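Reading through the C-alpha cells given below for one structure.
Source: prediction; values computed, not measured.
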Amino acid sequence: MSKPSLARGTRDFGPEQMAKRTFIFDTIRRSFQRYGFLPLETPAFENLSVLMGKYGDEGDQLLFKLLNSGDFSGKLTDSDWHEGYKPLTSKISEKGLRYDLTVPFARYVVMNRGTLVMPFKRYQIQPVWRADRPQKGRYREFYQCDADVVGTDSLLCEAEIVLLLHEILPALGINDFTVKINNRKILTGIADMIGAHGMEGPLCVAIDKLDKIGKEKVVEELLERGFSNESLTQLGPVFTLSDGAEPFTALKNWLGSSEIAMKGIQELEEVWDLVTTLGLENPKIQFDVTLARGLSYYTGAIFEVKANNVQIGSISGGGRYDNLTGTFGVPGISGVGISLGVDRIYDVMEELNLFPENQKTATKVMISNFDQQAFRLGLSVLPKLRAAGINAEIYPDSVKLKKQLDYADRKNIPFVILIGSDEMETGQLTLKNMKTGEQQKLNAEEITALLAENNI
RNA sequence: GAGGUUGUAGCUCAGUCGGUUAGAGCGCUAGAUUGUGGUUCUAGAGGUCGCGGGUUCGAGACCCGUCUCCCUCCCCA
C-alpha cells in the first residue's frame, strides 16, 4: 500500500473552492450568453492528427499523448526503438488530451460546416491539459473559457471581445486590468521594414520581453538570433512606441511604406472606433507593439489581459486566426476568439480578496436529532423546509447535542431547530440563531415562513 | 526540455557538531452540568522524518539516485 498522491500539476477542489469557482464560471457563462454565444463541448481527447502541428514544435511537445490501448508494442521492430522517441511516439500513440479549446472548435466547425448558422458564435468551458512544468499560476490541468466567432471578418467581433472583457472582469470584482492589443500584420510589417522578412517569430520572442529585461538585453538577444546591426537600428521606434498617447500616428509615420502594416494599423483604429461607438466608457485597452502571442496561428488582432498589481501571468488571451480550419482542408473561414483562464482568475481574486462572502449553496438550517421520537418529528418538518426552497438537513444520529451544534457551527449553518420533549408536547419548536445565540419558540409553519423570507 | 530550491504529525514549523525514546503551536478525539456550538481546563490519539540505495558502531541530519513543491529560462491561461 502506498500513500495516495496527486499527479504533478493537478489539484483537488474542495467544497469552499468549488463555491468560488462556480461563481467565476457562472459569471463568465452569463456574459457569454448575453453576447449571443452558444454552448459547445468537445471530447477530452482527440486524434493526434487533429492536435499535432497546430501549436508549433513547443506545443507538440507539451501535448499529453495517450498510449494506444492493448498491445501497443507488439508490432514494433528493433529499428523502431533506435529511431528516437518522436517516430516511436507516432507508432504507439494516436490520441492526445486537448491542449486548448480553439483547435477542437475548428475541427468541429469543419465537420459541421454544412449545418452551422454562419457566422457561428460558440462558447466552451472545459479543462485542457499541458505537459508543462508547473509554477505559480501554471498547472498541467486547467480550465479555459473560450468564446469565438467564425465565418466573418468583421472587426465588430474584436470590439465585442473588448466589451465582453469589460463586462466579465468587473463583474468578478477585477477592476484594475489592462487589455493589451496588437496586430500580427503590424509585426509582419516591422519584420519587412527592417529587412528581416518572415522573421517576425524570433523578432517577437525577443521584443516581447522588453518590459521584463530591458532594451539592451533585447538587442543582445536579437543579435544572437541573427539580426543585423542595420536591422536593429531601424527597429528603434519599437522601443519608444508602446507608451505613447497617440501610438497610431507615430506608427503610421514609421511603417507608412509597408502595405501590410498599414492594414494592421487600420484594423486597430477601427476596433478602437467601434469600442467607442458601442458606448464603452474608459476602455482599459492599450496598444502594445511588443505583444506577440500565439504566432503559430494568429493573423490579425492579438489580445492579452493582465490583472494589474498582481504577480500572476495573463488571465486571458486571444486573437484572430484566418486559416485555422485551413489545416483541416477548409480554407477561407476566419475566426476570432478569446480565452479566459479560470485558474489564474481564481488566483488573482484570492490574492485581491475579491470573493463574495455568502455562499447560497450552503445549508441554511439544521434540525437536531435528540432522540428517536424527536427524530421522527424532525423528519416530518424537513421536507416542508425543502419544499419552501430552504436548504435544510437533519442530523442523522442521536448523539449529544453538543456534537450536533458543533457540526452546525463548523458547517456555518446559521439556524438550528431544536426538538426535544417540550417541543414534542407543545408543537412549538425551538429555533436557534447560531450567530447571536438567541432562541425562539415557533411552530413548523412559522419557522418555514420566517426562513423563507429571511433571505440571507 | 535546461538550471536552482524544498520535503519532519491533518496544518504551520522547530530539531544544535551525526548520538539514547523525534518536539511545539494550531487542529483532531474524549471528558469537565444526562437539552446547547464558539471561550476555558484536563486527558488522549496521531510519524516508515517524501521514496530507494549508500557512508557510519550509530543517519531526520552526510553522499548518490528518484519523486514532489516552489522559482528562473523556454513557452503559455
Could you tell me how far [M] sits from [N] if I compare only their [atom1] atoms? Round to whole Å.
| N | M | atom1 | result |
| --- | --- | --- | --- |
| B:rG23 | B:rG60 | P | 14 Å |
| B:rC67 | B:rG52 | P | 15 Å |
| B:rA59 | B:rA43 | C1' | 34 Å |
| B:rU55 | B:rC63 | C1' | 7 Å |
| B:rC62 | B:rU5 | P | 13 Å |
| B:rG7 | B:rC70 | P | 14 Å |
| B:rA14 | B:rC74 | C1' | 39 Å |

With A:Phe25 via ring-ring contact (aromatic ring centres under 6.0 Å, His included) - residues at least two apart: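 If we apply the ring-ring contact (aromatic ring centres under 6.0 Å, His included) test to A:Phe25, skipping adjacent residues, the hits are A:Tyr143.
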ring-ring contact (aromatic ring centres under 6.0 Å, His included) against A:Phe142, all qualifying residues, sequence neighbours excluded: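 A:Phe142 satisfies ring-ring contact (aromatic ring centres under 6.0 Å, His included) with no other residue.
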Pick out the pairs of N or O atoms, protein on one side and nucleotides 27-34 of chain B on the other, that lie under 3.5 Å.
{"unit_1": "B:rC28", "atom_1": "OP1", "unit_2": "A:Arg410", "atom_2": "NH1", "d": "3.1"}
{"unit_1": "B:rA30", "atom_1": "OP1", "unit_2": "A:Lys403", "atom_2": "NZ", "d": "3.3"}
{"unit_1": "B:rG31", "atom_1": "OP1", "unit_2": "A:Lys400", "atom_2": "NZ", "d": "3.3"}
{"unit_1": "B:rG31", "atom_1": "OP2", "unit_2": "A:Lys400", "atom_2": "NZ", "d": "3.3"}

A:Arg344, nearest nucleotide to its side chain (from B:rA77, B:rU36, B:rU68):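 Of the candidates, B:rA77 comes closest.
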Nearest to side-chain heavy atoms of A:Leu401, which nucleotide of B:rA77, B:rG1, B:rU36: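 The listed nucleotide nearest to A:Leu401's side chain is B:rU36.
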Starting at atom [atom1] of [X], determine the distance to atom [atom2] of [N], rounded to an integer number of angstrom.
| X | N | atom1 | atom2 | value |
| --- | --- | --- | --- | --- |
| A:Phe303 | B:rC76 | CZ | P | 17 Å |
| A:Arg140 | B:rC76 | CZ | P | 18 Å |
| A:Leu63 | B:rG1 | CG | P | 14 Å |
| A:Leu62 | B:rG1 | CG | C1' | 9 Å |
| A:Ile419 | B:rU36 | CD1 | C1' | 15 Å |
| A:Tyr99 | B:rC75 | OH | C1' | 7 Å |
| A:Leu429 | B:rU36 | CG | C1' | 16 Å |
| A:Lys441 | B:rG35 | NZ | P | 14 Å |

Salt-bridge criterion met for [X] and [Y] (N-O under 4.0 Å):
| X | Y | result |
| --- | --- | --- |
| A:Lys185 | A:Glu267 | yes |
| A:Lys411 | A:Glu393 | yes |
| A:Glu141 | A:Arg130 | no |

With A:Arg376 via salt bridge (charged side-chain N to carboxylate O under 4.0 Å, His left out) - residues at least two apart: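 Testing A:Arg376 for salt bridge (charged side-chain N to carboxylate O under 4.0 Å, His left out), a comparison that skips the adjacent residues, returns none.
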Partner set under salt bridge (charged side-chain N to carboxylate O under 4.0 Å, His left out) for A:Glu304, not counting sequence neighbours: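 Residues passing salt bridge (charged side-chain N to carboxylate O under 4.0 Å, His left out) with A:Glu304: A:Arg293.
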Under a 3.5 Å threshold, yes or no: a donor from one side chain and an acceptor from the other, between [X] and [Y]?
| X | Y | answer |
| --- | --- | --- |
| A:Thr290 | A:Asp208 | no |
| A:Arg320 | A:Ser334 | yes |
| A:Ser398 | A:Asp371 | no |
| A:Thr430 | A:Glu423 | yes |
| A:Arg122 | A:Gln124 | yes |
| A:Asp176 | A:Asn309 | yes |
| A:Asn308 | A:Thr178 | yes |

All pairs passing ring pair (Phe, Tyr, Trp, His ring centres under 6.0 Å) where residues 31-55 of chain A contributes a residue, at least two apart: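 Output for this query lists A:Phe32-A:Tyr123, A:Tyr55-A:Tyr99.
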Earlier contact from the 5' end, RNA chain B, for A:Glu304 and A:Leu405: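 Per heavy-atom nearest nucleotide, the more 5' residue is A:Leu405.
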Residue whose closest nucleotide on RNA chain B lies nearer the 5' end, A:Ile413 versus A:Gln144: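 Of the two residues, A:Ile413 wins.
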RNA chain B contacts made by residues 33-44 of chain A, counting heavy atoms under 4.0 Å: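 Residues of residues 33-44 of chain A under 4.0 Å from RNA chain B: none.
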Base-paired stems in RNA chain B, each at least three Watson-Crick or G-U pairs under 3.5 Å: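 Result, WC/G-U stems under 3.5 Å: B:1-4 with B:70-73, B:10-13 with B:23-26, B:28-32 with B:40-44, B:50-54 with B:62-66.
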A:Leu401 side chain near A:Ser368 side chain, heavy-atom distance below 4.5 Å: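 Contact flag for A:Leu401/A:Ser368 side chains = yes.
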Side chains of A:Asn47 and A:Glu94 in contact at under 4.5 Å (non-hydrogen atoms):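 Of all side-chain heavy-atom pairs linking A:Glu94 with A:Asn47, none is under 4.5 Å.
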Contact state string [nucleotides 6-12 of chain B, B base, S sugar-phosphate only, - no protein heavy atom under 4.0 Å]: -------
Results of side-chain hydrogen bond (donor to acceptor under 3.5 Å, both in side chains) for A:Gln372 - residues two or more places apart only: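 side-chain hydrogen bond (donor to acceptor under 3.5 Å, both in side chains) list for A:Gln372, sorted by chain: empty.
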Under 3.5 Å donor-acceptor pair, A:Gln439 side-chain atoms to B:rU36 base atoms: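 Counting by modelled atom types and ignoring angles, a donor-acceptor contact under 3.5 Å is found here.
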Any donor-acceptor N/O pair under 3.5 Å between B:rG35 base and A:Glu423 side chain: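 Result: at least one qualifying N/O pair found.
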Under 3.5 Å, N/O pairs linking protein and nucleotides 71-74 of chain B:
{"unit_1": "B:rC71", "atom_1": "OP2", "unit_2": "A:Lys136", "atom_2": "N", "d": "2.2"}
{"unit_1": "B:rU72", "atom_1": "OP2", "unit_2": "A:Gln135", "atom_2": "OE1", "d": "3.0"}
{"unit_1": "B:rC74", "atom_1": "OP1", "unit_2": "A:Lys209", "atom_2": "NZ", "d": "2.1"}
{"unit_1": "B:rC74", "atom_1": "N4", "unit_2": "A:Arg138", "atom_2": "NH1", "d": "2.9"}

pi-stack flag for A:Phe142 and B:rA77, centroid dist under 5.5 Å, interplanar under 30°: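 Answer is yes, a stack.
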For A:Thr448 against A:Ala388, the heavy-atom pair lying closest together: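 Between these two residues, the closest heavy atoms are CG2-CB, 3.4 Å.
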Would you tabulate the pairs of protein nitrogen or oxygen atoms and nucleotide nitrogen or oxygen atoms of nucleotides 48-52 of chain B closer than 3.5 angstrom?
none

A:Tyr395 ring center within less than 6.0 Å of A:Tyr407 ring center: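 Here the rings of A:Tyr395 and A:Tyr407 have centres that are less than 6.0 Å from each other.
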Touch class at under 4.0 angstrom, heavy-atom based, for A:Ser5 against every strand present: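 If one applies the 4.0 Å heavy-atom cut-off, A:Ser5 turns out to touch nothing in the nucleic acid.
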Whether A:Lys441 side chain and A:Gly427 backbone form a donor-acceptor pair below 3.5 Å: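 No, because the side chain of A:Lys441 does not come within donor-acceptor range (under 3.5 Å) of the backbone of A:Gly427.
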